[in-house]
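See below for the structure under consideration.
Order of the sequence lines sets the chain letters (A, B, ...), proteins ahead of strands, with each chain counted from 1.
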Amino acid sequence: MAIKVHGSPVSPASKRVLLCLEEKQLDYEFVLVDLSTGQQKKEPFISLNPFGQVPGFEDGDLKLFESRAITRYIAHAYADKGTPLISEDPKKMAVIGVWLEVESQRFDAAGQKLTFEILVKPMKGLTTDDAAVEQLQGQLAAVLDVYEARLGKSKYLSGEEFSLADLHHVPIIAYLMMTKVKAVFDARPCVSAWAAALLARPAWLKVNKA
Amino acid sequence: MAIKLYGSPLSPPVRRVRLCLEEKGLDYEDITIDFSTGQNKKDPLISINPFGQVPGFEDGDLQLFESRAITRYIAHAYADKGTPLISDDPKKMAIIGLWLEIESLKFDIIARKLSYEILVNPLIGKAVDDALVEKGQAELAVVLDVYETRLANSKYLGGEDFSLADLHHIPIISNLMKTKVKALFEARPCVAAWAAMLLARPSWQKIIAA
């Protein structure tokens with residue numbers, strides 16, 4: 001099969017790519033990389049991603065890593081398939097681009113660390129740092145205040161249509177909703193409704209069933 | 001003037017946008033935001049950037065923030081002007097996109113903290129945390145090893161031509177070359193040659209002369 005995703009079923013970054021492929025209704029092969037045995041730091045994976053992190057991606061002879069570079073490639077290369085995720089109009093795409101950056105630079109910075117502290121550390125037999133969680137929740141709350149104002153004016157982050165910018169948030173939002181951080185979302189009605197709409201998408205339900 | 005850039009003179013993210021405008025040969029109005037009087041939390045900036053940071057950007061009625069969203073918009077909207085910074089070919093653009101992500105999430109995340117710790121802290125009366133600097137340098141060395149392998153096989157990060165992926169690095173590399181972190185670049189011949197080429201670009205020379 002031309003499209004291959006090398007990843008882990010629990011990795012948010014891997015799920016970001018799988019969600020994108022499902023939204024685009026593309027066929028792909030999922031190649032499991034066993035993180036528990038450090039497979040991501042060894043050949044053959046390390047040749048695909050020299051930073052030794054999942055996911056890795058192939059489309060024919062094109063090899064990529066970094067989930068957001070992969071999804072952006074998929075969104076453009078398969079623009080005519082499945083759900084539209086980007087725009088041909090430079091000004092509309094610019095606004096999608098802003099919220100792609102906000103997710104990457106501001107939301108994920110707090111969200112990913114919170115997921116690690118609350119969900120991953122206990123699985124590895126490490127203790128959650130409660131002080132760090134408090135600080136990160138505060139950071140996330142400040143970001144979500146901006147989201148609340150934005151989503152008070154438009155259905156999705158970049159406008160009235162679902163886009164790649166919303167999609168990138170889904171795996172981490174799903175994890176955070178399993179923790180006390182849910183309260184930070186629930187306290188903001190527009191954010192809460194938006195998060196619920198994202199998690200209810202058929203493509204996401206499909207990713208989680210797999 | 002249609003294009004307006006709200007910023008401060010030395011801010012690396014602002015310089016990232018300024019450099020992009022110079023490479024494209026575009027006219028723009030430079031508006032300085034005075035943080036010391038809280039101008040960043042007031043209009044006009046706060047309506048453009050709800051996070052109250054620079055840069056803020058306008059092109060006619062389009063308002064953007066996040067330096068890398070701004071540069072990406074400029075690169076696409078003005079693709080036919082000045083230096084080509086992106087590619088129409090989806091596979092070539094995917095590789096540029098990959099190194100755009102690497103700059104943002106692997107290089108800058110470490111490099112900007114080092115730049116701030118060594119160069120900004122002394123200016124604001126804070127002591128430089130040497131342990132933090134050592135840790136940052138060790139992390140940056142790992143990243144630069146990946147760059148060294150890449151640049152041994154390719155003149156620029158995205159391929160044989162200069163692209164937006166290289167451009168995004170310039171303001172922080174310029175800062176780090178004024179510090180002991182310079183040694184990390186000089187220890188890697190391909191990285192050193194690439195960094196020298198970037199800093200020698202007439203567009204960058206114009207910005208630092210201003």
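Considering only heavy-atom pairs separated by less than 4.5 Å from chain A, the leading option among B:Gly97, B:Ala77, B:Ala69 is B:Ala69.
For B:Lys182, the salt bridge (Lys or Arg N to Asp or Glu O under 4.0 Å) partners at least two apart in sequence or on another chain are B:Glu186.
A:Leu48 has its side chain out of reach of A:Phe57: every pair of non-hydrogen atoms, C-beta onward, lies at least 4.5 Å apart. Looking at B:Pro55 and B:Phe65, their side chains never come closer than 4.5 Å, going by heavy atoms from C-beta outward.
In this structure, chain B has a heavy atom under 4.5 Å from the side chain of A:Val146, while its backbone stays farther away. Residue contact with chain A, scored on non-hydrogen atoms closer than 4.5 Å, involves the side chain of B:Leu105 exclusively.
Rounding to the nearest 0.5 angstrom, the gap separating the OG1 atom in B:Thr37 from the CG atom in B:Asp34 is 3.5 Å. Separating the CD1 atom in B:Ile74 from the CG atom in B:Leu64 is a distance of 8.5 Å, to the nearest 0.5 Å. The CG atom of B:Leu114 lies 9.5 Å from the CG atom of B:Leu119; values are rounded to the nearest 0.5 Å. The distance from the CZ atom of B:Phe185 to the CG atom of B:Leu199 is 9.0 Å, given to the nearest 0.5 Å.
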Hey, what donor-acceptor pairs show up under 3.5 Å between chain B and chain A?
{"from": "B:Gln53", "atom 1": "OE1", "to": "A:Arg106", "atom 2": "NH1", "distance (Å)": "3.1"}
{"from": "B:Gln53", "atom 1": "OE1", "to": "A:Arg106", "atom 2": "NH2", "distance (Å)": "2.5"}
{"from": "B:Glu66", "atom 1": "OE2", "to": "A:Arg106", "atom 2": "NE", "distance (Å)": "2.7"}
{"from": "B:Glu66", "atom 1": "OE2", "to": "A:Arg106", "atom 2": "NH2", "distance (Å)": "3.1"}
{"from": "B:Ser104", "atom 1": "OG", "to": "A:Gln105", "atom 2": "NE2", "distance (Å)": "2.6"}
{"from": "B:Lys106", "atom 1": "NZ", "to": "A:Gln53", "atom 2": "OE1", "distance (Å)": "2.7"}
{"from": "B:Lys106", "atom 1": "NZ", "to": "A:Glu66", "atom 2": "OE2", "distance (Å)": "3.3"}

